[in-house]
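See below for the structure under consideration.
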Protein chains: 2
Amino acid sequence: MAEPSTRTVERALQLLGSVCDAGFLTLADAARGTELSASTALRLLRTLESTGFVRKDDEGAYRPGLRIVQLGAQALSHESIISLAEPALDRIVEATGESAYVNVQAHHGPGGDHGLYIAMREGTHSVRHSSWVGRTVPMEGSASGAVLSGKTPQAGYVVVDRGVEADVTAIAAPIAVQTHAPDGTTTGTRVIAALSVVAPSYRMNPEKIRTIGELVAAEAHNVLTAYQQENQP
Amino acid sequence: MAEPSTRTVERALQLLGSVCDAGFLTLADAARGTELSASTALRLLRTLESTGFVRKDDEGAYRPGLRIVQLGAQALSHESIISLAEPALDRIVEATGESAYVNVQAHHGPGGDHGLYIAMREGTHSVRHSSWVGRTVPMEGSASGAVLSGKTPQAGYVVVDRGVEADVTAIAAPIAVQTHAPDGTTTGTRVIAALSVVAPSYRMNPEKIRTIGELVAAEAHNVLTAYQQENQP
DNA sequence: AATACACGTTTCAATAAGTGAAACGCAGTG
DNA sequence: CACTGCGTTTCACTTATTGAAACGTGTATT
């Protein structure tokens, strides 16, 4: 049995995704975006609406509903890596003034893998990078993407200048665990998340980048230690 | 046309909700919890899995997936009330040391209405109330519930001692807008959210409660002003 | 004004799609 | 060894989903 997916549900979830991506969507737009007939889109959106996953605003457009907010928040709170990483984020922000993030790998089938920002702490500089939580970035060409795919060089961190966004420099380090075969031998490493700093490029220079890079790598290691303590004893 | 809901989608969403509520669920548990046959539950969970809404962990149990995290975070970031309220939360925490929250009304059909915590700022006391984001509380017997249903007394805030949780006192104030008829006459008020402080009861006394209550009410009013500025000009 | 267009909505017949009982292999338990 | 519960697969039944078409309404276009 290869992939016995129920089409109806797939379509509904696609619709839900469209609405969340766009922030708000009219019925016709939603139908076009998902290539569904208006009647089908309407029926599915009504189902999503009656279950609280979307809602209709005053203008009659569909918006993300509170249920999705609730489930997302619950899911986030069950991601133990976030609570483990929060102290590290705080320390990074305190030391650098720049915004700091936690990323994980989000594996959606077609279109390639992406990285997903699941937590952040805002920097203190008045010009700062902000609010990427919930956003995905391509694995190619982003610092966190490189780190998540295991392409971290000796230095322990990756720097990408003007990768995803212009005028922005990203510095990322992996939180990686050793994987073991049943007999106990080490088989490789698995990156469970990445810690990253995203800052305006004009504020960076080689020295600062090295300082931040080493800090992020060190904090990533701290998070790893906390993670292992939670999962081993 | 009364309620043309698609059964398949409803079931899938129900399944998704179960998994998120429980944190992790085995197939059999999920099937029982939703009263579905094992084969149907399996098929739907597989669909949810292939779209990233749930995932199977190492033990083969279903857990909330990253897609739900992503959409939830996106939806949260589109809730403008949160960003408007964050400065107020900060100020409340700074002034009181207690955890502060934003609640909205989550209207799920059966089982009655509930309030939903959609944002919070942690208090600074070492003993503090923490991490209710994503959680729902009954409208009856909770301070934020009372406030959300419009039952705010003259004082402008509601206090509930040991309502939802033992040894916890909650103080809530409404963020309410006037509603108007087409002709411009005021028809009533609509509570769009609530601001609340949740603290260990042993730390409270009548005087402190009054201070906090007035602060929360004042900050709620600040948020309202910011909200109206954003939606009027 | 008259026309054309796009949107949200409803209806309905065709059939594609979802359903659950049953059967299977497996692992743990008494 | 028999027994129970789990995850999984298969398959015939039929129900629930589907999309074209038609409608009313409001908004551009002429």
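First the proteins, then the strands, lettered A, B, ... as listed; each starts at 1. Note that this is a predicted model, so its numbers are computed, not measured.
Mapping Thr8(B) and Ala38(A) onto DNA chain C by nearest heavy atom places Ala38(A) closer to the 5' end of the strand.
One interatomic measurement links the two molecules: CG of Leu15(A) to C1' of dT17(D), which rounds to 15 Å at whole-angstrom precision. When the P atom of dA21(C) is taken as reference, atom CG of Leu42(B) falls 15 Å away, rounded to whole Å. Atom CD in Glu59(A) sits roughly 17 Å away from atom P in dC7(C) (whole-Å rounding). The distance from atom CD of Glu10(B) to atom P of dT17(D) is 9 Å, rounded to the nearest whole Å. Taking atom CG on Leu36(B) and atom C1' on dG7(D), their separation rounds to 16 Å, with Å as the unit.
Distances from the side chain of Arg11(B) to the nucleotides dG20(C), dC7(C), dA16(C) place dG20(C) closest. Comparing dG20(C), dT8(D), dT18(D) against the side chain of Arg7(A) picks out dT18(D) as the nearest. Here dG8(C) is the nucleotide among dT9(D), dT9(C), dG8(C) with the atom lying nearest to any side-chain atom of Ala28(A). Nearest to the side-chain atoms of Ser39(B) among the listed nucleotides dT11(C), dA21(C), dT19(C) stands dA21(C). The listed nucleotides are dT17(D), dC7(C), dC6(D); the one nearest the side chain of Arg43(A) is dT17(D).
Between Leu15(A) and Tyr62(A) the shortest side-chain heavy-atom distance does not fall below 4.5 Å.
For Gly23(A) against Pro64(A), the heavy-atom pair with the smallest separation is O-CD, 3.0 Å.
Proximity of Arg46(A) to the phosphate of dT17(D): no side-chain N or O atom is located under 4.0 Å from OP1 or OP2.
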